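Before any comments, here is the structure.
Fair warning: this is a prediction, and the values are worked out from it, not measured in the lab.
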2 protein chains.
Amino acid sequence: MPIWEYDGVMARAATTSDVFNAIAEPQRREILVLLRGGERPVTELAGELGMSQPRASKHLRVLREVGLVRDRKAGKQRLYGLDARGLRPVHEWTGGFERFWNESFDRLDAYVQDLKQARQED
Amino acid sequence: MPIWEYDGVMARAATTSDVFNAIAEPQRREILVLLRGGERPVTELAGELGMSQPRASKHLRVLREVGLVRDRKAGKQRLYGLDARGLRPVHEWTGGFERFWNESFDRLDAYVQDLKQARQED
DNA sequence: CCATCATATTCCCATATGGGCATGCGTCAA
DNA sequence: TTGACGCATGCCCATATGGGAATATGATGG
């Protein structure tokens, strides 16, 4: 059921709801990194990452549903390839905070004594 | 229990396990965006985002646990402020795919074109 | 058609939500 | 001291995992 029609008790959003949720899982991020090296069949991915085949397939399904990977048949195999376009929004969203992690903290909140103190304790 | 000691049945990782999980929730991202405008007390955040106070507090707790926000007491209130440093790793990780969302996909498109062409030649 | 290899799915579990509501708690003012 | 105000928590729910194991599906070669 589409989330916008759902009005019952809410739980954590599906991993397939968007890219942010999809990449929240470390192993899925590893898969994406591996795929930068080119297309690979499921079994190979599973092997390189030391995970079972069903596990790899499940993660790949999530990635496919949010559009981060594409698959094509290659004989008996199914090759998965990267489609990183969906990562761009995440990159841009975080980029919107760039000046905040570059600016010195005391300038950001120059009047905040507590933060200055916390910084000295580092 | 720390996840590295956990060996039972695994479920989805905690939202407090890392920044990736923390920002997977849309409302938490909204909170962070709002905080770019400066420190704010819980009630004000809740009001501006149209959410209940307990809800805002819970999200803020998650953000605090992964270090994306800091809080300090200000009399009766508790002011929350942004600490965006934790977003940098996310920005850099996604940045590692930058050339792929530009370049490599053209190659995939080219592949699709080849398929179409091959089909016409049949 | 059958045996086999490559994947995808289905079950079953225990856990971690995200929300609402009620309530505990610390701080400040009268 | 006693309220009142601002926040944090505790409880209860229904949902969505991430995993393992077993099994269904698919595609290929004989």
Side-chain angles (χ1 to χ4, degrees), chain A residues 1-18 20-31 39-66 69-80, chain B residues 1-18 20-31 39-66 69-80:
Chain A
M1 170 188 277
I3 197 164
W4 57 85
E5 283 181 17
Y6 186 72
D7 72 334
V9 172
M10 191 65 70
R12 188 169 181 178
T15 56
T16 53
S17 61
D18 59 47
F20 280 93
N21 274 284
I23 66 173
E25 162 63 48
Q27 306 196 69
R28 282 197 286 269
R29 291 200 297 277
E30 289 183 31
I31 288 177
E39 293 184 316
R40 279 185 179 66
V42 179
T43 305
E44 194 177 315
L45 283 170
E48 298 191 57
L49 296 176
M51 59 174 80
S52 70
Q53 171 268 309
R55 199 157 137 189
S57 282
K58 287 172 184 171
H59 282 313
L60 284 167
R61 177 178 182 160
V62 172
L63 292 173
R64 197 172 48 207
E65 289 193 40
V66 297
V69 302
R70 295 219 165 180
D71 64 297
R72 70 183 175 91
K73 297 199 168 188
K76 234 187 274 191
Q77 300 182 135
R78 177 175 289 269
L79 296 182
Y80 278 88
Chain B
M1 169 189 278
I3 196 165
W4 58 85
E5 283 182 17
Y6 187 71
D7 72 334
V9 172
M10 191 65 69
R12 188 169 182 179
T15 56
T16 52
S17 61
D18 59 47
F20 280 93
N21 274 284
I23 65 174
E25 161 64 47
Q27 306 195 68
R28 281 197 286 269
R29 291 200 297 276
E30 290 183 31
I31 288 178
E39 292 184 317
R40 279 185 180 63
V42 179
T43 305
E44 193 176 315
L45 284 171
E48 299 190 56
L49 296 177
M51 58 174 81
S52 70
Q53 172 269 308
R55 198 158 139 189
S57 282
K58 286 171 183 173
H59 281 314
L60 284 167
R61 177 177 182 161
V62 172
L63 292 173
R64 196 172 50 207
E65 289 195 39
V66 297
V69 301
R70 294 214 171 187
D71 64 297
R72 69 183 178 91
K73 296 201 167 185
K76 231 187 277 190
Q77 299 182 134
R78 176 175 290 271
L79 297 181
Y80 278 89

Measure the distance from CG on A/L63 to C1' on D/dG18 and round it to the nearest whole Å.
14 Å
Distance, rounded to the nearest Å, where A/M10 contributes CE and D/dA16 contributes P
9 Å
Of all residues at least two apart in sequence or in a different chain, which pass the salt bridge (charged side-chain N to carboxylate O under 4.0 Å, His left out) check with A/E65?
A/R61
Looking only at side-chain N and O atoms, does A/Y80 come under 4.0 Å of OP1 or OP2 in C/dA8?
yes
Nearest 0.5 angstrom please: A/L45 CG to A/E39 CD, how far?
11.0 Å
When rounded to whole Å, the CG to C1' distance for the pair A/L79 and D/dA27 reads 14 Å
Go along nucleotides 24-30 of chain C 5' to 3' and tag each nucleotide: B for a protein heavy atom under 4.0 Å from its base, S when only backbone or sugar atoms are that close, - otherwise.
---BS--
Below 4.0 Å: OP1/OP2 of D/dG26 and any side-chain N or O of A/R78:
no
Can you sort out the partners of B/E48 under side-chain contact (heavy atoms from CB on, under 4.5 Å), two or more places apart, ordered by chain and number?
B/L34, B/R40, B/E44
Phosphate oxygens OP1/OP2 of C/dG18: is one of them under 4.0 Å from a side-chain N or O of B/R28?
yes
Does the pair A/N21 and B/R12 meet the rule for a side-chain contact (heavy atoms from CB on, under 4.5 Å), with working shown?
CA-CA 11 Å; A/N21 274 284; B/R12 188 169 182 179; 2.8 Å; yes
Would you kindly give the CZ-to-C1' distance between A/R12 and C/dG18, to the nearest whole Å?
10 Å
Between B/S17 and B/A13, what is the shortest heavy-atom contact and its length?
OG-CB, 3.8 Å
Tell me, please, which residues at least two apart from B/V42 pass side-chain contact (heavy atoms from CB on, under 4.5 Å).
B/Q53, B/A56, B/S57, B/L60, B/Y80
For A/R55, enumerate each residue passing the side-chain contact (heavy atoms from CB on, under 4.5 Å) test, keeping only those at least two apart in sequence or located in another chain.
A/Q27, A/M51, A/S52, A/H59
Expressed in angstrom and rounded to an integer, what is the separation of A/R61 atom CZ from D/dA16 atom P?
14 Å
Provide, to the nearest angstrom, the distance between the CD atom belonging to A/Q77 and the C1' atom belonging to D/dT25.
17 Å
If I take atom CD in residue B/E25 and atom P in nucleotide D/dA16, what distance separates them, rounded to the nearest angstrom?
14 Å
On DNA chain C, check which nucleotide each of B/T15 and A/K58 is closest to and give me the residue with the more 5' one.
A/K58
Using atom CZ of A/F20 as one end and atom C1' of D/dA16 as the other, report the distance to the nearest whole Å.
20 Å
By salt bridge (charged side-chain N to carboxylate O under 4.0 Å, His left out), which residues pair with B/D18, not counting sequence neighbours?
none
Kindly state which residues belonging to residues 40-57 of chain A come within less than 4.0 angstrom of DNA chain D, counting heavy atoms of the residue only, listed by number.
A/S52, A/P54, A/R55
Would you please name every residue forming a side-chain contact (heavy atoms from CB on, under 4.5 Å) with A/V62, sequence neighbours left out?
A/T15, A/T16, A/A22, A/R28
Would you kindly compare B/L60 and A/N21 by the position of their nearest DNA chain D nucleotide and give the one closer to the 5′ end?
B/L60
